[in-house]
Amino acid sequence: MSNVIAFALVGVGLFCLGLYALIVQAHLLRKILAINIMGSGVFMIMVALAKRGADGPDPVPHAMVITGIVVAVSATALALTLMLSLSAASGSAKLSDD
Amino acid sequence: MQDMFSHIPWALVLILLPLLTGMTSFLWPRSAATLGVATAAILVIAVAGLGWQLHYLYDGTYHHAVGGWGAPLGIALHADGLSLLMLTATALVGMGVSVYSLTYFDREKALRFWPIWLFLLAALNALFLSADIFNLYVTLELLGLAAVSLTALAGGKAALDGAMRYLLATLLGSLCYLLGVALLYHSYGSVDIATLAQRVEATPAVWSAMGLIGIGMLLKAALFPLHFWLPRAHASAPAPVSAVLSALVIKAAFYILLRLWLSLFGPLSESGAELLGLLGAVAILWGSIQALRQVRLKLLIAYSTVAQIGYLFLAFPLAAFAALSTWNAVAYLALSHALAKAAMFLAAGNLLRFGGHDRIRDLGGVVQRLPLTAWAFALAGVSIMGLPPSGGFIGKWLLLETALDQARWDLVLVMMLGGLLAAAYVFKVLGYIFTEADISHETGEVTKTMEWAALSLAIAAMVLGFIAVPLLEWLGLEQVVGISEISQ
Amino acid sequence: MQDQSEQRIIDDPTQVSPMLRLLIALLITLLAIGLGNAVLSLSTSTAGLTQIVNSQMAQSGVSHPVTAVLLNFRGYDTLLEMVVLLLALLGVWAIGEARYQEIAPGPVLDTFARLLVPILILVAVYLLWVGAHAPGGAFQAGSILGAAGVLLLLSGWRPRYPLMALPLRMTLILGPMMFVAIAAITFIIEGQLLTFPVNQAGTLILILETAATLSIGITLAALFLGGQPQYENEKSK
């Protein structure tokens, strides 16, 4: 049971660290990485808490996390392509300030 | 014939057809535009069919257990008055935007537009028909990625910047939502809304989930102060994409919040309702003031969206004591805003195409060359302002009446100020558009299709003002309200 | 051109004032405490669907619970998620064309790719097959295939024949299209969406997974390309 708590709290920590980096970091690649870290945090919470019962791990959160990973990969691919195009068009990989 | 018509599963058609035609139009690009408009037309029929079925066959609620597995093991599809409202808005705006897009895009952009557009329609329909909070997450992501891709379609630095900001905001919103879903699932062992509604209680996990889902949806609905991505995304998106963003995509997030509020969170939190109302009030005032200050037409309309979304959130504090009339008001506001705002953006697109720019001060001479567009903008403006006899008037009047009944003078004041400010910025634009002036520049081509699409949506917003009673009865929101009362 | 702004980023990667940074850090710490509390309160309850899933496994057609949930009980989610993956590719293609660069791989990468790609394909097929009764299945196999594709692309392989345009598109939509087709067909036959008859469930799931694996692999590799392949553009004109 302490395993469950430990991993779940690590998930919370990842979520919050990622959120901080997303808000504060300026470079787009770091923002995208921050989103991925937040996603990993959420998935970790889902999977950690799935191991609470006595019957064995709950398969539904595992399936949800697989779905979530695919969605995260799709979103990351789109974000990276956008970043590269923006960087090519504007010369720097940051969001404009005005 | 009627027997066959009434037994087609219109709800499933709404989801599966755009998926099918989206993939087909990707496979055979030459058929893309035809498939797109045909799908939009069938979707309008499908929504009418679903409405008919809800009334005469299903007693107000349609429920479908996908895979034959009931909740909580499987996923359930669910249609009631609230879903029907949003599906109607989607079908009508979808039709208008599809027709407009027939002649708006050049060949190369059109090939990229249609498949993504069809997937966006599928995402909206799947979202409004879903009764499973994890399924809602997947549809939200589908919707977000489609919207971002369309926003970036124009290319160029400004569009890419707007799209990137939008993507980051929408991903953040989805992740917050997903964490809320995780907390709810691990509290009660289900992601089905009906099952959760029976089990939910006020625990720290549920409070956290409520906060997280709230923040996620506020981000995606662009409610003040989380609206920062909206103006820039609109500024350089193609006109039909802006129309869909303001009219439908934002409302989807509002719908999810509303649905979860009615079923799960509403009975638990009164202060949450007040907070949403406060944010809505600030959004109305701030958005309207910012709209007045804009130099560019598309940005003015974008800030107007920020303001109009605020009206929808005013419903939360009011609904505690007068549920049915408040939700009827919200229904009217949402539907007429969707139609009117889409019409406005399409009209703005015509102006932009015509003059090569959208600076408000230099919009003179439009009424001579593009009279249909000018009138489209004017009628849409009437609905946004809330003047009779438009749909916007009915919505605002119902909301105002509810606020007066409950002696919420603060909300009444905000609504009246909002109305005045809206009148100010709409008349500012109309003043320039309806001035006769000489055209000294090269004019872009604006097809009659584009003009009629904009005008039709604007006329639809006006027609809403005349059919209030039968429409509200057709939507049947008493059943929706009933949900919130049962779980109390 | 890029040096000045990059230098500014290196000097201060955040470009947010320290006061604001502190405030944000404080707020997020509060958030972390709230979430930690919520999570701790959950660790004592045991709500979950394990028992319900186990009781229905016999009807699902496979013997691994995660595969059963993904492809049968919650197959509708998987359908939508395949569309999400395809949509991401459409978005990437909408943004621009793949920048074509000549790549001359060094001897290590060259040999490595030649050795590894066939092995990866074998592993993918194995994972696909084993997913019915052990961890594995369409997504895992598809990722391995995607990795094989990425390895090929990294070592300089580019499909160039205009003939590949339509087959490429067909493979890309194969997975989601199969899902939608089976969803529609099962609705017409059984009256409910995505309802597999019990004795055919295993076969149907295998068909769906195979189609999905191919689509996922090709989509992931195509995403790596970063834009619409150039022969694509010629074909569609």
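Residue numbering restarts at 1 for every chain, and letters A, B, ... go by the order of the sequence lines. On a predicted model such as this, the values are computed, not experimentally measured, just so you know.
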Item to check | Ion pair Arg165(B)/Asp161(B), N-O distance below 4.0 Å | outcome: yes
Checklist entry - Can a donor-acceptor pair be found between the side chains of Asn135(B) and Ser130(B) at a distance below 3.5 Å? => result yes
Next on the checklist: Are Leu71(C) and Phe196(C) packed together at the side-chain level, in the sense that at least one heavy-atom pair is separated by less than 4.5 angstrom?
Outcome noted: no
Checklist entry - Based on non-hydrogen pairs under 4.5 Å, which of Leu194(C), Ile95(C), Leu86(C), Leu49(C) is most in contact with chain B? => result Leu49(C)
Item to check | Under 3.5 Å side-chain donor-acceptor pair for Thr21(B) and Thr39(B) | outcome: yes
Checklist entry - Relative to chain C, which segment of Ala154(B) carries a heavy atom at a distance below 4.5 Å: side chain, backbone, both, or neither? => result neither
Next on the checklist: Heavy-atom pairs under 4.5 Å with chain B - which of Val180(C), Asp77(C), Leu80(C), Ile173(C) has more of them than the others?
Outcome noted: Asp77(C)
Checklist entry - Of the backbone (N, CA, C, O) and the side chain (C-beta and beyond), which part of Leu120(B) lies under 4.5 Å from a heavy atom of chain C, both, or neither? => result neither
Checklist entry - Which region of Ala146(B), side chain (C-beta onward) or backbone (N, CA, C, O), has a non-hydrogen atom less than 4.5 Å from a non-hydrogen atom of chain C, or is it both or neither? => result both
Checklist entry - When heavy-atom pairs shorter than 4.5 Å are enumerated against chain C, which of Val66(B), Val138(B), Ile75(B) gives the highest number? => result Ile75(B)
Checklist entry - Highest number of heavy-atom pairs under 4.5 Å with chain C: which of Thr139(B), Leu73(B), Leu145(B)? => result Leu73(B)
Item to check | Residue part contacting chain C, namely of Ser187(B), when any heavy atom lies under 4.5 Å | outcome: both
Checklist entry - From Phe113(B) CZ over to Ser25(B) OG, what is the distance, rounded to the nearest 0.5 angstrom? => result 10.5 Å
Checklist entry - Side chain, backbone, both or neither: which part of His186(B) has a non-hydrogen atom closer than 4.5 Å to chain C? => result both
Checklist entry - Side chains of Leu220(C) and Val150(C): does their closest heavy-atom pair fall under 4.5 Å? => result no
Checklist entry - Of the listed residues (Leu16(B), Ile116(B), Ile15(B)), which shares the most heavy-atom pairs with chain C below a 4.5 Å separation? => result Ile116(B)
Item to check | chain C contact via Leu142(B) - side chain, backbone, both or neither, heavy atoms under 4.5 Å | outcome: both
Checklist entry - At a heavy-atom separation under 4.5 Å, does Leu172(C) approach chain B through its side chain, its backbone, both, or neither? => result side chain
Checklist entry - Under 3.5 Å, is there a donor-acceptor pair between the Lys220(B) and Ser174(B) side chains? => result yes
Next on the checklist: With a 4.5 Å cut-off on side-chain heavy atoms, are Asn72(C) and Gln56(C) touching?
Outcome noted: no
Checklist entry - chain C: which of Asp132(B), Leu160(B), Thr24(B) shares the most heavy-atom pairs with it under 4.5 Å? => result Asp132(B)
Checklist entry - Do you know which of Val39(C), Thr195(C), Thr186(C) has the most heavy-atom pairs with chain B at a distance under 4.5 angstrom? => result Thr195(C)
Checklist entry - By a 4.5 Å heavy-atom criterion (distance strictly below it), what part of Ala182(B) contacts chain C: side chain, backbone, both, or neither? => result neither
Next on the checklist: Counting heavy-atom pairs under 4.5 Å with chain C, which one of Leu183(B), Leu153(B), Thr203(B) comes out on top?
Outcome noted: Leu183(B)
Next on the checklist: Which atoms of Val191(B) are under 4.5 Å from chain C, going by heavy atoms: the side chain, the backbone, both sets, or neither?
Outcome noted: side chain
Checklist outcome for this item: Looking only at Pro176(C), Ala183(C), Gly34(C), the option with the highest number of non-hydrogen pairs under 4.5 Å against chain B is Pro176(C)
Checklist entry - If we only count heavy atoms from C-beta on, is the Ser101(B) to Trp114(B) side-chain gap below 4.5 Å? => result yes
Next on the checklist: Could you check whether any side-chain heavy atom of Glu201(B) comes within less than 4.5 Å of a side-chain heavy atom of Tyr188(B), counting everything from C-beta outward?
Outcome noted: yes
Checklist entry - Which of the residues Ser149(B), Ala126(B), Ala65(B) is involved in the greatest number of heavy-atom pairs with chain C at under 4.5 angstrom? => result Ala65(B)
Next on the checklist: A cation-pi test, strictly: NZ or CZ of Arg169(C) under 6.0 Å from the centre of the six-membered ring of Phe26(B) and no more than 45 degrees from its axis. Yes or no?
Outcome noted: yes
Item to check | Parallel, tilted or perpendicular: rings of Tyr137(B) and Tyr177(B) (30°, 60°) | outcome: parallel
Checklist entry - Highest number of heavy-atom pairs under 4.5 Å with chain B: which of Asn37(C), Val69(C), Val83(C)? => result Val83(C)
Next on the checklist: Please identify, among Met177(C), Glu190(C), Glu81(C), the residue contributing the most non-hydrogen atom pairs under 4.5 Å to chain B.
Outcome noted: Met177(C)
Checklist entry - Who are the side-chain hydrogen bond (donor to acceptor under 3.5 Å, both in side chains) partners of His64(C), not counting sequence neighbours? => result none
